[in-house]
There are 2 protein chains.
Amino acid sequence: MIPNLPPKPRKTPVQARSTATVDAILEAAARILETEGLEGYTTNAIAKRAGVSIGSLYQYFPNKDAVTAALVRTDSETMAARMEEVRCAFEGRPIRDCIDALIEVAVCHQFDRPMLARLIDLEEHRLGQDFGLSEAKQRIVQVVRSLLAQSGLDLPFDLDTVTQDVFALAHGITDAAGLNGETDRPRLNTRIRHAVLSYLGVPAS
Amino acid sequence: MIPNLPPKPRKTPVQARSTATVDAILEAAARILETEGLEGYTTNAIAKRAGVSIGSLYQYFPNKDAVTAALVRTDSETMAARMEEVRCAFEGRPIRDCIDALIEVAVCHQFDRPMLARLIDLEEHRLGQDFGLSEAKQRIVQVVRSLLAQSGLDLPFDLDTVTQDVFALAHGITDAAGLNGETDRPRLNTRIRHAVLSYLGVPAS
DNA sequence: TTTTAATATGAGCTATCACTCATATTTATG
DNA sequence: CATAAATATGAGTGATAGCTCATATTAAAA
């Protein structure tokens, strides 16, 4: 008899079509962020581009931020999975090769849709620790952290700092390149590899 | 008799009090972006925090974007002026020292108000080439570009690429540190200096 | 002082956005 | 088939944002 104040969490899709609806919504959300930016990023626009009614959207997401959070989470988990996969595949092989492959993954993730990556990043920080966004991000960081820990390299700063900085500088270079309209991904990879390896103090090949 | 379709450009302040009004508006805009983010960044909120009526705001800015553009321009011009000043002051002295000082300026600009810097950056790109924002940014880049050109260093890539990447990686590291809540600026300077110098191939001291 | 220009005000208009709900349709279940 | 559960719909609602305008106040000009 207690008036359910927050009936927030909505239905979880059980049939195939509702799963498709949710997928379409997230895909549409990403495309709108990418092409229209935050200005055009409205729930009505998302539903429309998804080919779904606005009512359907709110049957699976309690509010707009929940859509964004789901988008962020999907994005992070995809990234985490790819990074872990690479780490696993390069077990035992030279660190340089693994770093190369990880850079490839990170760049691929951010460089093809620079505006989307940028806005997802922004929203991720705005939504903060709510919505439990950070788990996947932790996994991503952990891949690189453990790689560096096992590398035997003489790091210029403590492990966590180096991990963070390597991510940050790669992210910064990719972001600038993407917004600058560059399209040559191998070249970008080369530059980032140079920045990362020289930061880490790995001697040039 | 032509119906002035775009009566957009508003009054330019001539008296002292109106100049103060404009300044208050821009200062309020910055503070709101910093503390409330884009959510709370409304013209009514800006006017309120500036201690000014909403009508006054629209007497000097044709629309909201014009306020943002003015904020971005002010920000860029301040940065450009400081960079040029440093460049001038370090004429003839070792490149390493000049780079250090430039990093100091850049970090100071971004690290103390990370959220503001981030959102200004975002809005700068959204407003694009309209509003003539890019002039100051060009000046900023030119300072580093010319420094590198005269350095005699054997750069790892072409001059423009290196200039862009050095900015981008410093920006990325600072951004991450700021959002991470770090407060130790000297330490951050050290890390960025390491990243920049090793990217440039300057031998460790 | 009188007149004119500059500046300031804020209630209110319009558009739009996040979100609801009553209803309809589709799928699963017995 | 009949019944119930899941899913889909979209017009409509309340709130708020950007912005206007008629009016008031202050400062400069004559």
Side-chain angles (χ1 to χ4, degrees), chain A residues 3-29 32-33 36-71 123 126-127 130-131, chain B residues 3-29 32-33 36-71 119 123 126-127 131:
Chain A
N4 285 357
L5 273 184
K8 284 286 177 154
R10 298 303 165 88
K11 283 174 195 157
T12 306
V14 298
Q15 297 179 4
R17 55 183 174 147
S18 57
T19 303
T21 296
V22 169
D23 290 349
I25 289 170
L26 293 181
E27 176 59 31
I32 288 181
L33 264 190
E36 316 289 335
L38 285 172
E39 319 167 59
Y41 187 66
T42 72
T43 51
N44 289 284
I46 294 169
K48 190 168 190 174
R49 184 166 308 196
V52 154
S53 72
I54 181 63
S56 289
L57 188 152
Y58 280 96
Q59 235 164 10
Y60 302 103
F61 300 96
N63 52 50
K64 185 184 178 183
D65 279 349
V67 177
T68 310
L71 185 63
E123 290 295 87
R126 185 177 65 82
L127 298 177
D130 313 322
F131 295 93
Chain B
N4 285 359
L5 274 185
K8 284 286 176 150
R10 298 302 163 89
K11 282 173 195 158
T12 304
V14 298
Q15 297 178 5
R17 54 182 176 147
S18 58
T19 303
T21 296
V22 169
D23 290 349
I25 288 169
L26 293 182
E27 176 58 32
I32 287 182
L33 264 190
E36 316 289 334
L38 284 173
E39 318 167 59
Y41 187 68
T42 72
T43 50
N44 289 283
I46 293 169
K48 192 168 192 176
R49 184 165 305 196
V52 153
S53 72
I54 181 65
S56 287
L57 188 152
Y58 279 97
Q59 234 164 11
Y60 301 103
F61 300 96
N63 52 49
K64 186 185 177 184
D65 279 348
V67 176
T68 309
L71 185 63
L119 292 176
E123 289 295 88
R126 186 177 66 80
L127 298 176
F131 294 93

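Every chain is numbered from 1, with letters handed out A, B, ... down the list of sequences.
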message = Nearest whole Å is fine: how far is D:dA4 P from A:Q15 CD?
response = 17 Å

ask   = B:S56 side chain N/O closer than 4.0 Å to the phosphate oxygens (OP1, OP2) of C:dT7?
value = no

request  = Under 4.0 Å from any atom of DNA chain C, heavy atoms only: list the residues of residues 16-26 of chain B that qualify, in numerical order.
outcome  = B:R17, B:S18, B:T21

ask   = Partners of B:T43 by side-chain hydrogen bond (donor to acceptor under 3.5 Å, both in side chains), sequence neighbours excluded?
value = B:Y58

request  = Assess whether one donor atom and one acceptor atom, taken from the side chain of B:Q59 and the base of C:dA8, lie less than 3.5 Å apart.
outcome  = yes

request  = Look at the side chain of A:I54 and decide which nucleotide, out of D:dA11, C:dT9, D:dT7, has an atom nearest to it.
outcome  = D:dA11

request  = Apply side chain to side chain contact (heavy atoms under 4.5 Å, CB included) to B:A69 and list each qualifying residue two or more places apart in sequence or on a separate chain.
outcome  = B:L127, B:F131

key: Partners passing side-chain hydrogen bond (donor to acceptor under 3.5 Å, both in side chains) against A:R17 (at least two apart in sequence or in another chain)   = A:Q15

note = Only one of B:I25, B:T21, B:V22 passes side chain to side chain contact (heavy atoms under 4.5 Å, CB included) with B:L57, and that residue is B:I25

request  = To the nearest Å, give me how far apart CG (A:L38) and P (C:dT16) are.
outcome  = 18 Å

Whole-Å gap separating P (D:dT20) and OH (B:Y60) = 16 Å

note = Across all chains, not counting sequence neighbours, the side-chain hydrogen bond (donor to acceptor under 3.5 Å, both in side chains) partners of B:T68 are B:Y41

Under 3.5 Å, N/O pairs linking protein and nucleotides 16-18 of chain D:
unit_1	atom_1	unit_2	atom_2	d
D:dG18	OP1	B:K64	NZ	2.5
D:dG18	OP2	B:T43	N	2.9
D:dG18	OP2	B:T43	OG1	3.2
D:dG18	N7	B:N44	ND2	3.3

ask   = Looking at residues at least two apart in the chain, or sitting in another chain, which of them share a side-chain hydrogen bond (donor to acceptor under 3.5 Å, both in side chains) with A:S53?
value = A:S56

task = Output all residues satisfying salt bridge (charged side-chain N to carboxylate O under 4.0 Å, His left out) with A:D23, sequence neighbours left out; order by chain, then residue number.
result = none

Side chain to side chain contact (heavy atoms under 4.5 Å, CB included) involving B:Q59 - partner list, sequence neighbours excluded = B:K11

ask   = CD1 of B:I46 versus C1' of C:dA8: gap in Å, rounded?
value = 18 Å

